[in-house]
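Throughout, protein chains are lettered first and strands after them, A, B, ... in sequence-line order, and every chain is numbered starting at 1.
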Number of protein chains: 2
Amino acid sequence: MKGKATSFDIAHYAGVSQSTVSRALRNSPLVNEETRRRVQEVAKQLNYKVDKNASNLRAQQSSTLALLLFEDPTADESQINPFFLAMLGSITRACASEGYDLLISFQSTSADWQADYEDSHRADGIILLGYGDYVDYQAKFRSLLEQNTKFVCWGASVDNRPDLTVSCDNYGGGKLAAEHLLKVNRKDCAFIGDASEHSPEFFARYQGFKDEFTRHDVTLSERKMANAISTEESGYHATRSLIANNIVFNSLFAASDLIAIGAIRALKEAGIKVPEDVHVVGFDNIAVASFTNPPLTTVQQDTTLAGQMLVFNLLKLIRSEEVENTLLPPKLIIRGSSI
Amino acid sequence: MKGKATSFDIAHYAGVSQSTVSRALRNSPLVNEETRRRVQEVAKQLNYKVDKNASNLRAQQSSTLALLLFEDPTADESQINPFFLAMLGSITRACASEGYDLLISFQSTSADWQADYEDSHRADGIILLGYGDYVDYQAKFRSLLEQNTKFVCWGASVDNRPDLTVSCDNYGGGKLAAEHLLKVNRKDCAFIGDASEHSPEFFARYQGFKDEFTRHDVTLSERKMANAISTEESGYHATRSLIANNIVFNSLFAASDLIAIGAIRALKEAGIKVPEDVHVVGFDNIAVASFTNPPLTTVQQDTTLAGQMLVFNLLKLIRSEEVENTLLPPKLIIRGSSI
DNA sequence: TTGAGCAGTTAAAACGTTTTGACAACAAAA
DNA sequence: TTTTGTTGTCAAAACGTTTTAACTGCTCAA
């Protein structure tokens, strides 16, 4: 036998037609039990594997999903946000358990994303992952929808968003953080993040946080806010600028753990003690969070469940079943940075 | 236009034959400049994308590589070793820059890996990644080679290994760690890891470490060694058991950063101060390493370069070019845990 | 005795490319 | 004038499946 065995080879050795081989291998009820057994036996013997390209071409589907990971454009090229990496793991597993392959691709937000995976029949659907500037994306989303591309998006489910999303209850998470700081009586709080419509997830976190403070008749000062994207560096600089402007506070809510870690570094450098002088709360509960000094109090997002929901919802969409946006419950993890 | 445009549609609108379209789109020299322009124009207008399945089927190749990630069987299901995740990033980028797609799949070492990606024409080659028990794998490697599967492996290049490898100079890295501890005069050193042929990478690290000590007439005590796989938990327990047995030492070399982090936790818990009482050195330089308390001294592996070499070497193998095993230089990163 | 229904099988037609071999049209060489 | 070559194009043959439609034998009811 030269080259790889084809279904014709199996057919020949099993003494049946090629179409019967195809059916037998996929356990079609149209084929006799005894024949099926014989065919499968031969196939195994010849180490036959169905050619995915041929099979996909004929069946017009690929049993493959594509994961597009958007990185913050300014983030260090070599470092990927650990939060998304955690999600990657669970997405992979969920795909595998559903019998789908996963193609992955890192996109820089600046470049126009040729999400041509589906166009070129390489994937049946697309998962979009990243803290992105969704204002930028709206147009892209619409064009994807126009082309009838199946995709699901991780992130904030803003009211007028046309796409299917899975997201953490960022608003509720912000409330959890606020509740905690109020309970330990650290009401003079700074916020590091981006509370604009450009990053709706951070915005929602901030809203929830603020609303909970307001509910307790505490007003957050606009002056105690600084912009940052989700990197350690960015959190560091934002916090430094607050300190440099002589802004004082006794607690700090960071829109993500990476920001929080950068903030802690800036605080320490300025001789401000965590948690004695300033309590710090982050968001995400990335693996690093428990190893920082002090360990970081944070709002956990359930990445395992998130990955599963992304995959399951996308598959439903592909099968044209009913799907709805999914909101996952956050959970407060209290550690040394706020006690 | 219902459904997706095919090359026949383009042919029709451009007033040429389908075969000319195929050539024009791939910039074949066989087609006239003017015709090419016209065809590409039409293709763009109809948002035409070559069907990968059809093209792969015909061309008998897939422009896709598969990444198989082996996890330590006992590792927490939801947590993936951050070292491999870092590598994943650079592999993805390297693939993209070479025009290849990347399929990824997590394998548990126990299950027999049906590395049937290549068999089923889904990928042109395979990258194997993981701290694995290579004794177990030898047989698998040979069967892959027999089937003429193209694959490249991250890990120790043991002499009699039949496969193509890219690896860090683990032996040299071990020497670096030893050099450093000797320089700061912490000669009474414990080792946490697995110095058996089952994990040749850890073994090589230990060998380099020991040889450097020996070169300085210092003998390492067999009693001050404890077995661990590459998880925080495992490092924690191994270190606890040393302490429980009243074994004393003033420095500790861990075969990986995760192990080192677990070790630090165990030491602290026992009231042993790092670095005052015990200097700790790890291996990998994962992102967490700079955030531990104290920050971890470690031997860095260049994951960016490693990922690139894995991809480049695999592509060479696929193209039947000359390839050799690649050894990457490690680098010592000195941080608070050893000064 | 016919006809309908069923179970198992097959030949042949897709699927959308790439590539081979043939064939025009025209120019240059004999 | 015939030959030889060159350039561009095209029709048709792969690639290895899945699926449709057709065809056997059968059995069972009318």
- Message: By nearest heavy atom, map A:Ser7 and A:Arg23 onto DNA chain D; which one lands nearer the 5' end?
- Response: A:Ser7
- Query: Which whole-number value in Å describes the distance from A:Arg122 CZ to C:dC15 P?
  - Reply: 22 Å
- Item | Test side chain to side chain contact (heavy atoms under 4.5 Å, CB included) applied to B:Val323 and B:Asn313, B:Ile318, B:Leu314, B:Val152, the passing residue | B:Asn313
- Message: Strictly below 4.0 Å: does B:Thr35 bring a side-chain N or O up to OP1 or OP2 of D:dG8?
- Response: no
- Query: So does A:Thr6 get a side-chain nitrogen or oxygen closer than 4.0 Å to the phosphate oxygens (OP1/OP2) of D:dG16?
  - Reply: no
- Let me know the distance between NE2 of B:His121 and P of D:dC15, rounded to the nearest Å. 12 Å
- Query: Would you say A:Gln60 reaches C:dG16's phosphate, i.e. side-chain N/O to OP1/OP2 under 4.0 Å?
  - Reply: yes
- Using a heavy-atom cut-off of under 4.0 Å over every strand shown, decide if A:Thr20 touches base, sugar-phosphate, or nothing. base
- Item | Whole angstrom value for the distance that separates P of C:dT17 from CG of B:Asn53 | 11 Å
- Query: Looking only at atom types and distance, does a side-chain atom of A:Thr92 sit under 3.5 Å from a main-chain N or O of B:Ser105, one as donor and one as acceptor?
  - Reply: no
- Message: Nearest heavy atom decides the nucleotide; on that basis, is B:Pro29 or B:Ala59 closer to the 5' end of DNA chain D?
- Response: B:Pro29
- Query: Under 4.0 Å between a side-chain N/O of B:Arg58 and OP1 or OP2 of C:dT19, yes or no?
  - Reply: no
- Message: Whole angstroms only, please: what is the CZ-P distance between B:Arg36 and D:dT7?
- Response: 14 Å
- Roughly, in whole Å, what's the span from CZ in B:Phe8 to C1' in D:dC10? 11 Å
- Name the closest nucleotide to the A:Asn32 side chain, picking from D:dA11, C:dG8, C:dC15. C:dG8
- Message: Looking at A:Arg37 and A:Glu34, is any side-chain nitrogen of the basic one under 4.0 Å from a carboxylate oxygen of the acidic one?
- Response: yes
- Take the protein atom CG of A:Leu25 and the nucleotide atom P of D:dT19, then report the distance between them rounded to whole Å. 13 Å
- From CD of B:Gln61 across to P of D:dA14 the rounded distance in Å is 20 Å
- Query: Considering residues, nucleotides and ligands other than A:Lys316, do more than 12 of their heavy atoms fall under 6.0 Å from its NZ?
  - Reply: no
- Query: Given atom CG of B:Asn56 and atom P of D:dT17, what is their separation to the nearest angstrom?
  - Reply: 15 Å
- Message: Classify B:Ser19 by what it touches in the nucleic acid, base, sugar-phosphate, or nothing, heavy-atom distance under 4.0 Å.
- Response: base
- Distance test, side-chain N/O of B:Ser55 to OP1/OP2 of C:dT17, below 4.0 Å: no
- Could you check which of C:dG16, C:dT9, D:dT17 has an atom nearest any side-chain atom of A:Leu30? C:dT9
- Should B:Ser22 be listed as having a side-chain N or O under 4.0 Å from OP1 or OP2 of C:dT18? yes
- Donor + acceptor pair across side chains of A:Gln61, A:Ser63 (<3.5 Å): yes
